[in-house]
Amino acid sequence: MPELPEVEVVRAGLAPALTGARVLAAEVRDARALKRHLPLSGDDGLGGHGVTMPAEAAAERAADFERRVTGLVFDAPQRRGKFMWLPVAGAASATAADSPAPGVAAEWALLAHLGMSGQLLLRDTAAEDDRHVRIRLWVEHPTHGELRVDFADQRLFGSLALDRLAPTSDDGSLLPLQAARIARDPLDPRFDDAAFLAGVRSRASGIKKLILDQALVSGVGNIYADEALWRARLHPDTAGRAISARKVSELLGALRDVFAQALAEGGTSFDEQYVNVNGQAGYFAHSLNAYGRGGEACPRCATAIKRVPFGGRSSHYCPRCQRRR
DNA sequence: ACTGAAGCCTGGTTGC
DNA sequence: TGCAACCAGGCTTCAG
């Protein structure tokens, strides 16, 4: 499942091939992979969620995306939490013969969220189809030539979109509107440790719920939440306001450690749900101490790891190392 | 202001 | 064997 390390591996993998690349053509095979994409004109009346898309609206959304993405030239891929995007390069491209529709200029980006099972794959133009390819782009890079970018997504929780960029409030860097409320991640040099500490210690919610809140700290999903809590010896239900400042700092350090280690190992691959841009799995699954190890011995104290329901999914923790307060 | 649940999805697994 | 129910989980929306 793509969390920060997985998304970052994909972002870094796309960078050499797509920075400066130009979109030759686009094919939307399944408009459900455009949930976050809002057509410029002809309001289809959908917020993108909760309503089954009528066939007409789906076709219009697909056509709008294909038309507007064709001809775009990308700058280097960026990431905020689990969102990543390719900024559209400056106005130079907009004057070409096959220029994009008016309104698609430097302040736009091709936004991607991988959801649960999304993959961005770089393929040779002649390569066979991977499974579950929902959207395909043909691009041309000045030095690498032509290649395909395939967005594959089994469960369709992810999506691509053209989204507008706007300056952030802190340093004025550009963020897609849909990622505007996402906090920085713990590996970001500009991450605000003090704000995180204050945020955690002012809330009554359980600490696991808090670190899954992307507005407080981004990039954390179920796997790394369980791993960081295990490392910091915190019970997932411990109220934020009951945790000492020192312990919150320790947890932040644990998040940084687990992210950095997972990044170094190419991410965590479970059930072939996550692969890099070449379709290869990561190795961090072998390094997990708690997640997915219900019933197994805690690597620290040998007590059986507990698995309990948590908001429609599961929490894994050691009942001895991670005592409830 | 906060919490919990529903809804979006498919494919592998489990149960009958 | 065949089919239904269930589970995985990020994010948004809505009801309480």
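What you see is a predicted model; the values in this text were computed from it and never measured. In the text below, chain A, chain B and the rest are named by the order of the sequence lines, each starting its count at 1.
When distances are taken from the side chain of A:Ser314 to each of C:dC11, B:dC9, C:dA8, the shortest belongs to C:dA8. You'll find that the side chain of A:Arg36 is closest to C:dC11, out of C:dC11, B:dC9, C:dA8. The side chain of A:Lys209 approaches B:dG4 more closely than any other nucleotide in the set B:dG4, B:dG11, C:dA8. Taking the side chain of A:Arg307 as heavy atoms from C-beta on, and the options B:dT10, B:dC2, C:dA8, the nearest nucleotide is C:dA8. Here the side chain of A:Phe157 is nearest to one of C:dC7, B:dC9, B:dG11, namely B:dC9. Residue A:Lys82 has its side chain nearest to C:dC11 when only B:dT10, C:dC11, B:dC2 are considered.
In terms of the salt bridge (charged side-chain N to carboxylate O under 4.0 Å, His left out) criterion, A:Asp153 has no residue partners (sequence neighbours excluded). A:Asp192 pairs by the side chain to side chain donor-acceptor pair (under 3.5 Å) definition with nothing, not counting sequence neighbours. Listed by chain and residue number, A:Glu265 satisfy the side chain to side chain donor-acceptor pair (under 3.5 Å) test with A:Ser287 (two or more places apart in sequence, or in another chain). Residues forming a salt bridge (charged side-chain N to carboxylate O under 4.0 Å, His left out) with A:Glu27 (at least two apart in sequence, or on another chain): A:Arg29. Every residue two or more places apart in sequence or in another chain was checked for a salt bridge (charged side-chain N to carboxylate O under 4.0 Å, His left out) with A:Lys306, and none qualifies.
Of the side-chain N and O atoms in A:Ser205, one or more sit less than 4.0 angstrom from OP1 or OP2 of B:dT3. For A:Arg181 and C:dT12, the shortest distance from a side-chain N or O to OP1 or OP2 is below 4.0 Å. Residue A:Arg155 places no side-chain N or O under 4.0 Å from the OP1 or OP2 atom of C:dC7. At B:dG11, one or more side-chain N or O atoms of A:His132 fall inside 4.0 Å of OP1 or OP2 (strictly under the cut-off). Taking only side-chain nitrogens and oxygens, A:Lys35 never comes nearer than 4.0 Å to OP1 or OP2 of C:dT12.
Between the P atom of C:dC7 and the CZ atom of A:Phe310 lies a distance of 17 Å, rounded to the nearest Å. Here C:dC11 presents its P atom at 4 Å from CD of A:Gln214, a figure rounded to the nearest Å. Counting to the nearest Å, the P atom of C:dA8 and the NE2 atom of A:His316 are 8 Å from each other. Taking atom CD of A:Glu6 as the reference point, atom P of C:dA8 lies 18 Å away to the nearest angstrom. Rounded to an integer number of Å, the gap from CG of A:Asp237 to P of B:dT3 is 12 Å. Rounded to an integer number of Å, the gap from A:Asp213 CG to C:dC11 P is 10 Å. Rounded to an integer number of Å, the gap from CD of A:Gln119 to C1' of B:dG11 is 14 Å. A:Leu34 has its CG atom 18 Å from the P atom of B:dC8, to the nearest Å.
At least one cation-pi condition fails for A:Arg11 and A:Trp85: the charged atom is not both under 6.0 angstrom from the six-membered ring centre and inside a 45 degree cone around its axis. Taking the ring axis of A:Trp230 as reference, the NZ or CZ atom of A:Arg300 stays within 45° of it and closer than 6.0 Å to the ring centre.
The terminal axes of the helix from B:dC2-C:dG16 to B:dC16-C:dG2, fitted over 5 pairs per end, subtend an angle of 60° to the nearest 10°.
A donor-acceptor pair is defined here as one N or O able to donate and one able to accept, closer than 3.5 Å; such a pair exists between the side chain of A:Asp163 and the backbone of A:Gln178.
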